[in-house]
Each structure stands twice: as structure tokens, then as C-alpha cells.
Amino acid sequence: MTNEIVQALIWKDNALSVLDQRQLPSVTYYDDYSDAQGVAEAITSMRVRGAPAIGIAAAYGVVLSLQQHYEKTSEWRDVVAKDIQMLAQSRPTAVNLFWALDKMKSVIAQESANLRTAAADCAITIHHEDKAANRTMGEFGADIIANAKGILTHCNTGSLATGGYGTALGVIRSVYARHSVNIYADETRPWLQGARLTVWELSQDGIPSTLIADSAAAWLMKSGAIDWVVVGADRIASNGDAANKIGTYSLAVLAKQHGVKMMVVAPTSTIDWSLENGNTIEIECRDPLELLPKSYDTPDSLVSAWNPVFDVTPAELIDAIVTERGVVLNPSQHTNGIASLRA
Ligand code: MRU
């Protein structure tokens, strides 16, 4: 088993420390938060990012809101509900955010005598269970990948993006713990989660990797160097369509062309059972300035930018969906999609 040193979120002394991922890899800096507003801003600005990590952060945000407002005035319920709404609006695509907030809302609805403690226990459990799920998925995924000589991953799906260990990167860690494998990471433009986060995170844990430009993926596949593309997800529909970082869909199309297998790794908190397919998943479009060179940002500029940050990979391009509850191979070939993963 490999070690993991990096921690995106630390809950200590009733406060939340968030590793500012915008500053990596050059600066390792934690911001401390004591209210929900700060946590919502940390999610929107991508100090913390990655589907499971933003769900966990939001859960702690609700705990902070209760610490601030519970029984301080007769309107505390309304104030906390507004904080929850603000957290829900911090990013639209990853369903883990809404899943975690729903869990926190049910704790509040129970109105236990020790509500602040009950809420903190719930958030800590969400955090710990996510990490445990990642360990389980790591082993499930590694069993399938068994003899791979090369794996390509996209975005960052490791300890930085989760409660710890990672989803797709967790599987890659587990494969690496079993046998030597060449790990390739896409840069993941425009935000560079691969270049700034994934290869950094792996190197912190003593795991070697090779960075490629996103546009080199087809040529890498053509060279025969990789057997699997392994990615995470932000929202998976009941039929197995999977929203993930922009560029994932391109990789799936390329993988099909080159006989490379495509694996999506995500905890069941990433599955949106209300969606029949991925057509209605809201795709976040971020500030064009995350993409546009500054010199084009002038009032008379003729250049604009379109910056969708997720895309949806259809189930028929996915060979395996790995969750902590089990694996679905070839999801598009099952009449009930991924229903076997439902509790
Ligand atoms: O915009 P980001 O960095 O939050 O996007 C993250 C991804 O797309 C990840 O692949 C996904 O959240 C899974 S993380 C385990």
C-alpha cells in the first residue's frame, strides 16, 4: 500500500483548514475558515476542488454555520438554511456537493439535543467514509487493470480532490503498489489540474509520473504505451453517462479508436439516480479569463473565450465504472444501466 501525505481538508479544533490548490505546486498554504461563507468562496474560487472534496468541505461549512448561529437567535434555522443555499450555489456540476448538503439537512431536521456535535460527527463521517471508499475502489480497479503497462489519467482525482487516497488516482496508486506501471498525466487545460496537482501529488508520495500535453494523448495511445485511461467523475447518470473534467469525452473517443480501455472511478455519492442519462447534467462554464490571455481582455477586443469545464462521456464509451459498492463492466450493455450499484 502506498502512503499519501497530501491532505486537502483538515478539520481541527472546530475549524476547517483548506489547502489552497490555486497556489500549488509552488506554495503549500492552508487557509482557515470559521464560517460557511468562507467555505462557499473557497469552493467557487477552487481553493478546494474535486467532486468528493467539495462535498466534504460543504458539509464542514454547515457545521461552521451551526457553530455560529445555532440557538443564538430565534431565527437560527433561517440563517443556517441560507448558508446551506449559498453552499449549494458554489458550483453546479458535481453532485457530491448536493448529496453532502442533503445529509447535513437531515441531521438538522432531526433536531437532536446536541445538534452541533451531531452535525460535526456527520461531516467527519462523510470525510472518513469517502477515504475508505477510495481504498476499496483502489483494490477493485486494480483487480481489473491487473497487467497494465501504462495508464493515462486526466485532471486531479487524488487526495487533493477527495477525503484522501483518491478515486482514479486511488486505483492508479493501488496498481502501482502491486506492480510497476507507467503513469501518464494530461496537463488538463486550462486550469492545469494535471500539471500543477496530479504529478505534484504523486511525487509527494514518491510515485514517478510523466506529464503530457492534452493534445499528445492520441499520439501516446497510437504508440501503444497505455492500456487504460482512468478518470474520475463529477456526476454519473443512471445509465452510466459520466460528467467529468473537460477533455474526458475526447479521451474516451480516442481510446475507442486505439483499442485502449476506459475506466471511470467514483464513489456512489457521485451517482445522480434522478437522471436517466447525462443529457441534462448542468455543465459549469467558468470565467473566460481562466482561458483567455490577458492581452485580449480589453473593451475593444474581438476575441472571446468559451470555457466549459466539464463534459459528458456517453456510457457506450466506458468499459468499467468502479464504485465502492462494486463494478459495472460495459454499462451501456445493461438494460438497467448501473442500477446494480443502488443500495
Ligand atoms: O474543476 P475541478 O478541478 O473541480 O474538476 C475535478 C474533476 O473533474 C475530477 O475529475 C472529479 O471531480 C473527480 S475527483 C475525485
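Keep in mind that what you see is a predicted model, and the values were worked out from it rather than measured. Basis for what follows: all heavy atoms, side chains included, without hydrogens, waters or symmetry-related copies. Position 1 is the first residue of the sequence; numbering continues from there. Just so you know, ligand 1 is whichever comes first in the structure, and atom 1 is the first atom listed for that ligand.
With side-chain heavy atoms closer than 4.5 Å counting as contact, directly or through intermediates, the hydrophobic cluster containing Leu211 also holds Val199.
Electrostatic pairing of Asp186 and Lys245 does not count as a salt bridge here, judged by no charged N lying under 4.0 Å from a carboxylate O. Ion pairing of Asp143 with Arg178 is present here, as a side-chain N (NZ or NE/NH1/NH2) and a carboxylate O approach within less than 4.0 Å.
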Can you list every pair where an N/O of ligand 1 is under 3.5 Å from an N/O on the protein?
{"residue": "ligand 1", "atom": "1 (O)", "partner": "Arg91", "partner atom": "NH1", "Å": "3.4"}
{"residue": "ligand 1", "atom": "1 (O)", "partner": "Arg91", "partner atom": "NH2", "Å": "2.9"}
{"residue": "ligand 1", "atom": "1 (O)", "partner": "Lys245", "partner atom": "NZ", "Å": "2.7"}
{"residue": "ligand 1", "atom": "3 (O)", "partner": "Arg49", "partner atom": "NE", "Å": "2.8"}
{"residue": "ligand 1", "atom": "3 (O)", "partner": "Arg49", "partner atom": "NH2", "Å": "3.2"}
{"residue": "ligand 1", "atom": "3 (O)", "partner": "Gln193", "partner atom": "NE2", "Å": "2.9"}
{"residue": "ligand 1", "atom": "4 (O)", "partner": "Gly50", "partner atom": "N", "Å": "2.9"}
{"residue": "ligand 1", "atom": "4 (O)", "partner": "Arg91", "partner atom": "NH1", "Å": "2.8"}
{"residue": "ligand 1", "atom": "8 (O)", "partner": "Asp234", "partner atom": "OD1", "Å": "2.8"}
{"residue": "ligand 1", "atom": "8 (O)", "partner": "Asn244", "partner atom": "OD1", "Å": "3.2"}
{"residue": "ligand 1", "atom": "8 (O)", "partner": "Lys245", "partner atom": "N", "Å": "3.2"}
{"residue": "ligand 1", "atom": "10 (O)", "partner": "Asn244", "partner atom": "OD1", "Å": "2.6"}
{"residue": "ligand 1", "atom": "12 (O)", "partner": "Ala51", "partner atom": "N", "Å": "2.8"}
{"residue": "ligand 1", "atom": "12 (O)", "partner": "Asp234", "partner atom": "OD1", "Å": "3.3"}
{"residue": "ligand 1", "atom": "12 (O)", "partner": "Asp234", "partner atom": "OD2", "Å": "2.9"}

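Partners of Trp11 under the ring pair (Phe, Tyr, Trp, His ring centres under 6.0 Å) rule, at least two apart in sequence or in another chain, are Tyr60.
Judged by distance alone, with hydrogens and angles left aside, the side-chain atoms of Asp214 form a donor-acceptor pair with the main-chain N or O of Arg189 at under 3.5 Å.
The stretch residues 156-171 participates, sequence neighbours left out, in no salt bridge (charged side-chain N to carboxylate O under 4.0 Å, His left out) pair at all.
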